[in-house]
Amino acid sequence: MEWRIHPVALIRGFLRPIDPPLFLLLSVLLAASMMLMQSASPERMQAQLLNTGVALAMMWITARIPASRLLSMALPLYLVGVLLLIGVALFGEVSKGAQRWLHIGVTRIQPSELMKIAMPLMLAWYFQQREGAIGLRDFIVAAVLLAVPVGLIVTQPDLGTSLLVAAAGFYVIYFAGLSWRLLVPVFVLGVIGIGAIVIFGDTLCQPGMDWQILREYQKQRVCTLLDPTSDPLGRGFHIIQSTIAIGSGGLFGKGWLNGTQTHLSFIPERHTDFIFAVLAEEFGLVGALVLLVVLMLMILRGLVIAAQASTLGTRLLAGAITMIFFTYAFVNMGMVSGILPVVGVPLPFISYGGTALVTLCVGVGMLMSIHRERQQSQT
Amino acid sequence: MTEFRSPDQEVGQLRQRVVVAGVFMFLCLCVLAGRFFYLQVMRFDYYHTRAEDNRIAVVPVPPNRGTIVDRKGEVLARNFAAYTLEINPSRVEDVDATIDALGQIVQIDDYDRRRFRKFRETSKYFESVPIRTRLTDVEVARFVARRYRFPGVDVRARLFREYPHGDLFGHVIGYMGRINTRDEARIEEAGETANYRGTDHIGKRGLEQSYESLLHGHTGSEQVEVDVGGRAVRVLDRRTALPGHSLILTVDVDLQRVATQAFAGRRGALVAMNPKTGGVLALVSSPSFDPNLFVDGISVADWRALNDSPDHPLLNRAIYSAYPPGSTFKPFMGLAGLELGKRTPEQSIVDPGYFVFGGHRFLDDKPGGHGVVDMHKSIVESCNTYYYMLANDLGIEAIADFMAPFGFGQPTGIDIPGEASGVLPSPAWKKARFRKPGQQRWYGGETISVGIGQGYNAYTPIQLATALSTLVNNGVMFRPHLVQYIVDPVTGARTQVAPDPVRRLPLKAENLAVIRAAMVDVTRTGTGARAFAGAPYAVGGKTGTAQVYSLRGSRYKEGDVAERLRDHSWFIAYAPAEDPKIAMAVLVENGGFGSRSAAPIARQVLDYYLLGKRPEGPPPGAEDAGPGPAGGD
């Protein structure tokens, strides 16, 4: 009897790791991705289908791994990631002026992408170890664990990714209970700093003004955000054209495959970082709000999983992963609609590209795994 | 921070933080939603327009320029399409590197680079600037295959102007050149800015300039949907361009060629016209220039050669250079004497070889004088003394008043730009001309010089030709003109440029007959007899010699000076004498006596025009075309 595999049981077994609400929301996003890809870059449809398949498989595999096992992989993953980043700094391949890629045999990998998963995993694992006795010292250790890879990524230079990795680590620290007395002043300082840049942007963006902490091109990005028309044919062009695309979409959009900005190539990188402009142009405000709602539901689901998770490590991990999804989405849509600087962040689950999709789906898989473990511990 | 907490406490704290995070994220998404609402609802109209502006470009379609043909339909100016390689500097990051890279594919020499830089200075920032013109088919193919490597560079078919007869009509047709800032100002003033979108050449000099508005036509437009690279994706709307009018001229290519060759490279000018209409049959200024050199932007070397030449080929001597008319003025002086009652045809003087006025001796050319001289003989033998006396008797005011209606000293109004007015001297003119009171006074001796066409007298060849035409056309004066018909590009209808008489001079027929009879004898027995020996038709003419004194101030050049200080040689002629179909003025600079250089040129032109006879030794490239039809202009 044991050897007879019942089809229903087989399907059940197959589906067991899957969390239905998360998977449903993910499916909506992936379907939207396909539709938009058909409009933005139909020749990439096949490749994106393959990416999606791989990503879903990775999600399924990850979801099957028990959450505790996931955490136990944190240290080796983290160490490998840091080593690879050092490798990039020493032997990395220079592409578009930045050293981000490392050749491994036949393929090349971007270790900073791995770090997006390894970082929260590592910190969650660390706090898990210190459960019940978390003190100031632990936060200092966490800060150091965080600073090493972030510093390595900054020197590549890759401001966008380093910010995302830093954010991922920070979320864990936040959920671990970093004192509000430390968080609030930092938050207030940040708001004041951004406010100051916006208000004194004209002076700060004078040529010859040295910002010390940021590289010239990074200064350019911030300045372009403040006044896109200052560089209408360069960086500003992206923002100007993507806001035109969004704005001209109106309430209901121009219709699928009918976006003039999209189809006449006015939207730069319209299949990757700027794919949201395609959505907003062709599906209008309604389409954009539907996307926001789906993302919000996904976040809510993630937060619920975090709140219900059985161990400290998995709680921290789930919370951080959820916040990472949000960060991707917010930064991407913010930059495409012209309220944040242009940094290379894809729209989660929708932008073209295999690496980010796999990373994000692995994150979903982790959420599923965490949720399943909590159910198992309850039963 | 507590060193020790219960798991429940920790879960509670975490849930609190989860809620804070959730609220924070919700607020952030609301900010995004607000941003989308702002862009897509509140500013929808603005961005909608921006997107349409992005998408639709109105591309001007420049019209085909009208052609110019001679009276027999021989093409003098036409268009041909040629491929040009153009760079849009606003879309190219490193223009010099791009040009270097293009140089690997098509030939680009220093001249092309220099010209590109020059054009770029004067063109607007977003305009395409040609780097190479007239690409061969092979070059076009080689570029097109590599076009993807050159954003902002494109091959375009452009219409260029071509002048198949080269320098034969340089001064008549003028040439096309790129629109410069001065042209732009003129276009804007004329309210033609929209009509010149997409046009980058404009007529300069000659008929190309004076008939610019007709030749140019009306610019059409295409509404095209363009992508971000400015490449047209599809045409949404089209308004066709209206080609320019074509011109049919009064000139005759073969006559012009005969006249030009008769100069044999000497400096001078010739204007031949139909006295009954004012239609110009030939207009020569020698040496000339090849207008084709200018079409593409003239090279420095070519420009230097033209501009620095001591022969001044760019100078249109026929309408711009004014010379003392010398003895060609005498028939008009004689007519003045008759008309104003100061002389009769029979009245004679005795010429001792000089005329004394105010203690000064005015000499005749012939030592010992011409003896007894009446009006007829005074013209046939060109007797100076006769005219010294006549001028003295008439007085300067009467001379000026009589000559002015013939057009002396004022632009004739020929339909090409650049005409000079010359000088018809009078006390009033002198007063206006000079500043010092001592110079402003008119002296009696100056009147004497004016009588023989010297002194302050200075007229352009076309003025002399027009005055002669008026004289032989019984006082009916026509404005000289080069364009006979204007052809509508759509209907093909020809509009004749109406030969309205400018004025009719009340001249007595018997007086005109006296002068004309004398002029006929000039070519039979007088100063023009040698040049017209054996002519089977009757010709009226008059030689003239203009003293050169204007060159005194010029720099001394060895071997050059002697020739350039020689007198200018004039000849005016009309034929057939009984019923003139052609009247002309010929000037040869430093040609010496009129009978020696200018008259033989007139003979060759008349022989060809009236007999179809070419000068011996047919010129290279001469066709077998018959003589031009006389009259009917």
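From a predicted model like this one, the values you see are computed outputs, not experimental measurements. So that the names make sense, note that chain A is the first sequence line, chain B the second, and so on, each numbered from 1.
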Side chain, backbone, both or neither: which part of [X] has a non-hydrogen atom closer than 4.5 Å to chain B?
X         : value
Leu300(A) : neither
Phe276(A) : side chain
Phe187(A) : side chain

**Complete:** So, the part of Val41(B) with a heavy atom under 4.5 Å from chain A: the answer is side chain
**Asked** Just wondering, more than 12 heavy atoms not from Tyr83(B) lying within 6.0 Å of its OH?
**Response**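 At most 12 heavy atoms, drawn from other residues, nucleotides or ligands, come within 6.0 Å of this atom.
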**Prompt:** Got a sec: does the CZ of Phe252(A) have more than 12 other heavy atoms crowding it under 6.0 Å?
**Reply:**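 Check fails, neighbour count at 12 or below.
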**Prompt:** Pick one: which of Glu281(A), Arg270(A), Lys254(A) meets side chain to side chain donor-acceptor pair (under 3.5 Å) with Thr262(A)?
**Reply:** Glu281(A)
**Asked** Quick one: SG on Cys30(B) to CE on Met296(A), what's the gap to the nearest 0.5 Å?
**Response** 8.0 Å
**Asked** Taking the six-membered ring for Trp, are Phe139(A) and Phe127(A) parallel (under 30°), tilted (30 to 60°) or perpendicular (over 60°)?
**Response**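 Aromatic pair Phe139(A)/Phe127(A) classed tilted.
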**Item:** Ser41(A): partners by side-chain contact (heavy atoms from CB on, under 4.5 Å), with sequence neighbours left out
**Value:** Glu43(A), Arg44(A), His271(A)
**Asked** So Asp200(B) and Arg158(B), side chain to side chain contact (heavy atoms under 4.5 Å, CB included) or not? Walk me through it.
**Response** CA-CA 10 Å; Asp200(B) 41 24; Arg158(B) 293 234 179 196; 2.5 Å; yes
**Complete:** Counting heavy-atom pairs under 4.5 angstrom with chain A, the leader among Val20(B), Asp45(B), Val19(B), Thr49(B) is Val20(B)
**Request:** Determine which residues belonging to residues 31-39 of chain B lie within contact range of chain A, meaning some heavy atom pair is under 4.5 Å apart, and list them by number or answer 'none'.
**Result:**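 So far as heavy atoms go, Val31(B), Leu32(B), Ala33(B), Arg35(B), Phe36(B), Phe37(B), Leu39(B) are the residues that approach chain A to under 4.5 Å.
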**Request:** Look at Phe175(A), Tyr174(A), Phe330(A) and state which one has the largest set of heavy-atom pairs under 4.5 Å with chain B.
**Result:**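 Heavy-atom pair counts peak at Tyr174(A).
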**Request:** Pull out the residues in residues 282-293 of chain A that come under 4.5 Å of chain B, heavy atom to heavy atom, sorted by number.
**Result:** Gly284(A), Leu285(A), Ala288(A), Leu289(A), Leu292(A)
Residues 50-59 of chain B side chain polar contacts: donor-acceptor under 3.5 Å, at least two apart:
unit_1	atom_1	unit_2	atom_2	d
Arg50(B)	NH1	Tyr46(B)	OH	2.7
Glu52(B)	OE1	Arg55(B)	NH2	3.0
Glu52(B)	OE2	Arg55(B)	NE	3.2
Asn54(B)	ND2	Gln241(A)	OE1	2.7
Asn54(B)	ND2	Gln261(A)	OE1	2.7
Arg55(B)	NH1	Glu225(B)	OE2	2.4

**Request:** Run the numbers on Thr322(A) and Phe326(A) for side chain to side chain contact (heavy atoms under 4.5 Å, CB included), then give the verdict.
**Result:** CA-CA 6 Å; Thr322(A) 308; Phe326(A) 158 78; over 6 Å; no
**Prompt:** Should Glu192(B) and Arg186(B) count as an ion pair when the cut-off is N to O under 4.0 Å?
**Reply:** no
**Prompt:** Taking the side chain from Ser248(A) and the backbone from His48(B), do they hold a donor-acceptor pair closer than 3.5 Å?
**Reply:** no
**Prompt:** Do Arg178(B) and Lys118(B) come within less than 4.5 Å of each other through their side chains, counting heavy atoms only?
**Reply:** no
